[in-house]
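What follows is a set of notes on a single structure, which appears directly below.
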Amino acid sequence: YPSINGVIDLINEAMNKKPVFFTKYALSEGIGCATMHEYEDLIANAPCCLGGCVAHFVDDYINGVGKKAVGLFSADRRPYPSAYSVKYLYRPIRSRLVKDNGAIEITNLRKHVATENLKIILDVKKNGLSVSKTGFYVNVPPMTSKTYDITLPHKEGDMYLNVEYYEKDKFLYSEQHAVNSELQTVAATGGTNPLGVSEF
């Protein structure tokens, strides 16, 4: 596995000449030369990168070579925790608040697939409670962004906008954006002993 700088060099060399596809960039024993987020950013920001595969998606037991701890799913299709890690780290559709939180920008990072079956639920949370909720369908072409005007409730207290993504009514993942925050006074007495650190 090359270093992260080595991967960037390979991408720069391939840019505008040939496509790049990672045949193995993650498995339950670990990943290659970068974090999942770094791989995600590399794939999303380099036009020549088409994506990648997660190795050993199912245990080798299915192939008759014995069960190893390399699968993301067991032979009977039960997911291991590493499968959930990949699920929630892979976010091909992303959002961000723009225009002083008066609009939301939806970006489709998929290279070839539009989002005609994508439903987005916006849920405003104030001090931990849901105060407003709405849903809408979006159709964003591959590798493009669309902006939608939104009207948020009166900003006060700690407010967050949860963005939930559903495809064909199946929940994919969610994101959270801070809308407003207020420093709350907390009545707590300090400790009597000062904090110290010593080598042992």
Side-chain angles (χ1 to χ4, degrees), residues 19-28 31-32 34-59 62 71-99 101-125 128-153 159-179:
V20 174
F21 189 84
F22 295 104
T23 57
K24 180 197 294 188
Y25 73 93
L27 66 162
S28 62
I31 56 175
T35 67
M36 290 289 284
H37 291 296
E38 288 171 326
Y39 274 119
E40 189 179 58
D41 288 339
L42 279 172
I43 292 170
N45 294 314
C48 64
C49 281
L50 301 181
C53 290
V54 177
H56 302 290
F57 210 68
V58 179
D59 281 319
I62 288 180
L72 300 180
F73 289 82
S74 66
D76 59 357
R77 317 302 287 179
R78 286 180 298 173
Y80 293 138
S82 49
Y84 291 111
S85 297
V86 173
K87 174 183 177 182
Y88 290 109
L89 280 171
Y90 177 63
R91 297 182 295 117
I93 315 296
R94 299 185 190 179
S95 65
R96 69 187 184 103
L97 294 177
V98 295
K99 298 180 181 178
N101 296 343
I104 187 168
E105 181 185 76
I106 308 296
T107 301
N108 181 5
L109 295 174
R110 292 169 173 163
K111 305 285 186 180
H112 306 286
V113 182
T115 63
E116 62 265 10
N117 294 316
L118 185 74
K119 183 178 183 180
I120 292 180
I121 302 292
L122 301 179
D123 186 8
V124 177
K125 300 285 188 182
L129 301 175
S130 180
V131 296
S132 180
K133 199 171 190 178
T134 188
F136 60 102
Y137 286 91
V138 299
N139 189 4
V140 183
M143 298 303 294
T144 59
S145 299
K146 282 190 176 181
T147 302
Y148 301 86
D149 290 331
I150 58 174
T151 302
L152 293 170
M159 291 180 64
Y160 293 88
L161 177 66
N162 287 356
V163 184
E164 300 173 358
Y165 299 91
Y166 294 83
E167 197 158 43
K168 296 181 179 177
D169 295 327
K170 179 182 179 183
F171 175 73
L172 299 177
Y173 53 90
S174 64
E175 295 177 310
Q176 187 176 74
H177 304 291
V179 175

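Owing to the predicted nature of the structure, the values given are computational and were not obtained by experimental measurement.
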Task: Qualifying residues under side chain to side chain donor-acceptor pair (under 3.5 Å), relative to N162, sequence neighbours excluded - done: Q176
- [ ] Applying side chain to side chain donor-acceptor pair (under 3.5 Å), name anything that partners E116, two or more places apart in sequence or on another chain.
- [x] none
Open item on the list: Apply side chain to side chain contact (heavy atoms under 4.5 Å, CB included) to residues E105 and K146 and explain how you reach the verdict.
Closed with: CA-CA 6 Å; E105 181 185 76; K146 282 190 176 181; over 6 Å; no
Task: All side-chain contact (heavy atoms from CB on, under 4.5 Å) counterparts of V20, not counting sequence neighbours - done: A14, C48, C49
- [ ] Check the pair I93 / L118 against side chain to side chain contact (heavy atoms under 4.5 Å, CB included), numbers first and verdict last.
- [x] CA-CA 9 Å; I93 315 296; L118 185 74; 3.8 Å; yes
TODO: Taking the side chain as every heavy atom from C-beta outward, state whether D149 and K99 have any atom pair closer than 4.5 Å.
DONE: yes
- [ ] Start with the C-alpha gap between H177 and Y160, add the side-chain angles, then the distance that decides, and say whether side chain to side chain contact (heavy atoms under 4.5 Å, CB included) holds.
- [x] CA-CA 6 Å; H177 304 291; Y160 293 88; over 6 Å; no
Task: Heavy-atom neighbours of N45 CG exceed 12 at 6.0 Å - done: yes
TODO: Mind listing the closest non-hydrogen atom pair of E164 and F171 along with its distance?
DONE: CB-CE1, 4.2 Å
Task: Any residue meeting salt bridge (Lys or Arg N to Asp or Glu O under 4.0 Å) with E38, in chain and number order, not counting sequence neighbours - done: none
- [ ] State the CD-CZ distance between E175 and R91, to the nearest 0.5 angstrom.
- [x] 4.5 Å
Task: Within-4.5 Å side-chain heavy-atom neighbours: F136 and K119 - done: no
Task: Rounded distance (nearest 0.5 Å) linking atom CE of M159 with atom CG of N101 - done: 9.5 Å
Task: Residues which pass side-chain contact (heavy atoms from CB on, under 4.5 Å) with L50, listed by chain and number, not counting sequence neighbours - done: P19, F21, H112
Open item on the list: According to salt bridge (Lys or Arg N to Asp or Glu O under 4.0 Å), who are the partners of K125, at least two apart in sequence or on a separate chain?
Closed with: D123
Open item on the list: My understanding is that only residues two or more places apart in sequence, or in another chain, count here; which of them pass side-chain contact (heavy atoms from CB on, under 4.5 Å) with P47?
Closed with: M15
Task: Verdict with supporting geometry, Y166 and I120, side chain to side chain contact (heavy atoms under 4.5 Å, CB included) - done: CA-CA 6 Å; Y166 294 83; I120 292 180; over 6 Å; no
Task: By side chain to side chain donor-acceptor pair (under 3.5 Å) - contacts of S145 (at least two apart) - done: T107
TODO: Could you tell me which residues satisfy salt bridge (Lys or Arg N to Asp or Glu O under 4.0 Å) with R110, sequence neighbours excluded, listed by chain and number?
DONE: E167
- [ ] Grab the two heavy atoms, one from A114 and one from N139, that are nearest each other, plus how far apart they are.
- [x] CB-OD1, 3.6 Å
Task: Set of residues satisfying ring pair (Phe, Tyr, Trp, His ring centres under 6.0 Å) with respect to Y137, sequence neighbours excluded - done: none
Open item on the list: Is any side-chain heavy atom of P142 closer than 4.5 Å to one of K111?
Closed with: no
Task: Residues which pass side chain to side chain donor-acceptor pair (under 3.5 Å) with T115, listed by chain and number, not counting sequence neighbours - done: none
TODO: Under the side-chain contact (heavy atoms from CB on, under 4.5 Å) rule, collect the residues that match up with I104, sequence neighbours excluded.
DONE: S95, L97, I106, L122, Y148, I150, L161, V163
